[in-house]
Amino acid sequence: MIAKKRPDRRQQILEILAQELETRPGIRITTAALARSVGVSEAALYRHFSSKARMFEALMDFAEESVFGLSNRILEQQPDASLRCQQIAQLLLGFAERNPGITRVLLGDALVGEHERLRARSSKFFERLETQFRQILREANLRVDGPRPVDVDASANLLTALVEGKMGQYARSNFEKRPTQLWESQWAMLNNSFFRSL
């Protein structure tokens, strides 16, 4: 007889927390409510996470590892600056679309009333994204051939603001207005504005 593998309780807690954040927007998730949803006691939650803040941090860890791990692969495989920016932005928009609860955490929407360090960390996620865009655009300016960014700092900031804004629209629409909607047309307009031919 084959023994059934026990579910990873820590992973289960995070998945249910993300689901609660998606299905209960605007409602603060308490550890008591989360424990009920998971089907365990609050004490059992605290055996896996020392606090609710640690649960939110674990969701942010997942987002950072997923998004920046894949974006590093894009940087390794794609030499063209325009395509790098497009693919990284599209990666983040797709991640947000597949992970609505985590999107609320990244935007800080789910962190109201939580520890201030969590809100600071969610801001750092987008600062890191902007830094990555800025680096891509600076490298493009050093190339001898190909189109160059018109204004590196302004372009990196605008692209980050657009991604964050589309994620915000998604959250505010109760996850009905998909962040990838209209992206191809929007990128075509941005690309024409961001890069100039030599």
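Atom set for the values below is all heavy atoms of this structure, side chains included, hydrogens, waters and symmetry mates excluded. Position 1 is the first residue of the sequence; numbering continues from there.
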Worksheet item: If you take all heavy atoms of Leu118 and Ala53, which pair is closest and at what distance?
Response: CD2-O, 3.7 Å
Discussion item. Donor-acceptor pair, distance only, cut-off 3.5 Å: does the side chain of Thr180 make one with the backbone of Leu93?
Written reply: no
Worksheet item: Mind checking whether Glu64 and Arg121 have side chains closer than 4.5 Å, heavy atoms only?
Response: yes
Practice prompt. List the steps, then state whether side-chain contact (heavy atoms from CB on, under 4.5 Å) holds for Thr31 with Arg36.
Written response: CA-CA 9 Å; Thr31 53; Arg36 277 193 303 276; over 6 Å; no
Worksheet item: Backbone N or O of Asp80 within a donor-acceptor pair of the Arg84 side chain at under 3.5 Å?
Response: no
Fill in: Derivation of the side-chain contact (heavy atoms from CB on, under 4.5 Å) call for Ser122 and Val105
CA-CA 7 Å; Ser122 70; Val105 174; 5.8 Å; no
Response to the item:
Residues passing the ring-ring contact (aromatic ring centres under 6.0 Å, His included) test with Phe175, sequence neighbours excluded, are Tyr170
Discussion item. When you compare the side chains of Glu139 and Gln135, does any donor N or O come within less than 3.5 Å of an acceptor on the partner?
Written reply: yes
Worksheet entry | Backbone N/O of Ala188 and side chain of Asn192: donor-acceptor pair under 3.5 Å | yes
Practice prompt. Measure the shortest side-chain to side-chain distance between Met55 and Leu45 over non-hydrogen atoms and say whether it is less than 4.5 angstrom.
Written response: yes
Item to complete: For Ile102 and Ala63, work out which heavy atoms get closest and say how close.
Response: CG2-CB, 4.0 Å
Worksheet entry | Phe95 backbone acceptor or donor facing Asn99 side chain under 3.5 Å | yes
Item to complete: Give a yes-or-no answer on whether the side chains of Gln169 and Arg172 include a donor-acceptor pair shorter than 3.5 Å.
Response: no
Worksheet item: Step by step, would you call Val38 with Arg9 a side-chain contact (heavy atoms from CB on, under 4.5 Å)?
Response: CA-CA 9 Å; Val38 175; Arg9 185 67 77 188; 4.1 Å; yes
Discussion item. Pair Arg54, Asp61 - check salt bridge (charged side-chain N to carboxylate O under 4.0 Å, His left out), show working.
Written reply: CA-CA 10 Å; Arg54 294 287 183 217; Asp61 288 341; over 6 Å; no
Worksheet item: Considering all heavy atoms of both residues, which atom of Phe68 and which atom of Leu129 are nearest to each other, and what is their separation?
Response: CZ-N, 3.9 Å
Fill in: Beyond-backbone contact of Met167 with Leu92, side-chain heavy atoms, under 4.5 angstrom
yes
Discussion item. Please check: side-chain N/O of Arg134 versus main-chain N/O of Asp153, any donor-acceptor pairing under 3.5 Å?
Written reply: no
Worksheet item: Taking atom CG of Leu159 and atom CD of Gln86, what is their separation to the nearest 0.5 Å?
Response: 10.0 Å
Worksheet entry | Arg138 side, atom CZ; Thr131 side, atom OG1 - distance, nearest 0.5 Å | 8.5 Å
Discussion item. To the nearest 0.5 Å, what is the distance between OG on Ser123 and CZ on Arg128?
Written reply: 15.0 Å
Fill in: Non-hydrogen side-chain atoms of Leu137 and Cys85 separated by less than 4.5 Å
yes
Practice prompt. State, yes or no, whether a side-chain contact exists between Asn72 and Gln132 at a heavy-atom distance under 4.5 Å.
Written response: yes
Practice prompt. May I ask you to decide if Leu21's main-chain N or O and Arg104's side chain share a donor-acceptor pair within less than 3.5 Å?
Written response: yes
Item to complete: Using a 4.5 Å cut-off on heavy atoms from C-beta on, say whether the side chain of Ile88 contacts that of Leu75.
Response: yes
Worksheet entry | From CG (Asn191) to CG (Leu83), nearest 0.5 Å | 8.0 Å
Worksheet entry | Minimum heavy-atom distance between Arg119 and Gly108, given as atom pair plus value | NH1-O, 2.9 Å
Worksheet entry | Results of ring-ring contact (aromatic ring centres under 6.0 Å, His included) for Phe49 - residues two or more places apart only | none
Practice prompt. Drop me the distance from Leu91's CG to Arg73's CZ, to the nearest 0.5 angstrom.
Written response: 10.0 Å
Worksheet item: Can you name the closest pair of heavy atoms from Ser82 and Trp187 and give their distance?
Response: O-CZ2, 3.3 Å
Worksheet entry | Val112 and Arg28, any side-chain heavy atoms less than 4.5 Å apart | no
Response to the item:
d(Ser37 OG, Ile29 CD1) to nearest 0.5 Å is 7.5 Å
Item to complete: Starting from the C-alpha separation in whole Å, work towards a yes-or-no answer on side chain to side chain donor-acceptor pair (under 3.5 Å) for Glu15 and Gln11.
Response: CA-CA 6 Å; Glu15 287 173 2; Gln11 183 66 28; 3.1 Å; yes
Discussion item. Are Phe194 and Phe133, when compared by the centres of their aromatic rings, separated by less than 6.0 Å?
Written reply: no
Worksheet item: Can Lys166 and Gln181 be counted as having a side-chain donor-acceptor contact under 3.5 angstrom?
Response: no
Response to the item:
For Ala110 and Phe56, the nearest pair of non-hydrogen atoms, with its separation, is O-CZ, 4.0 Å
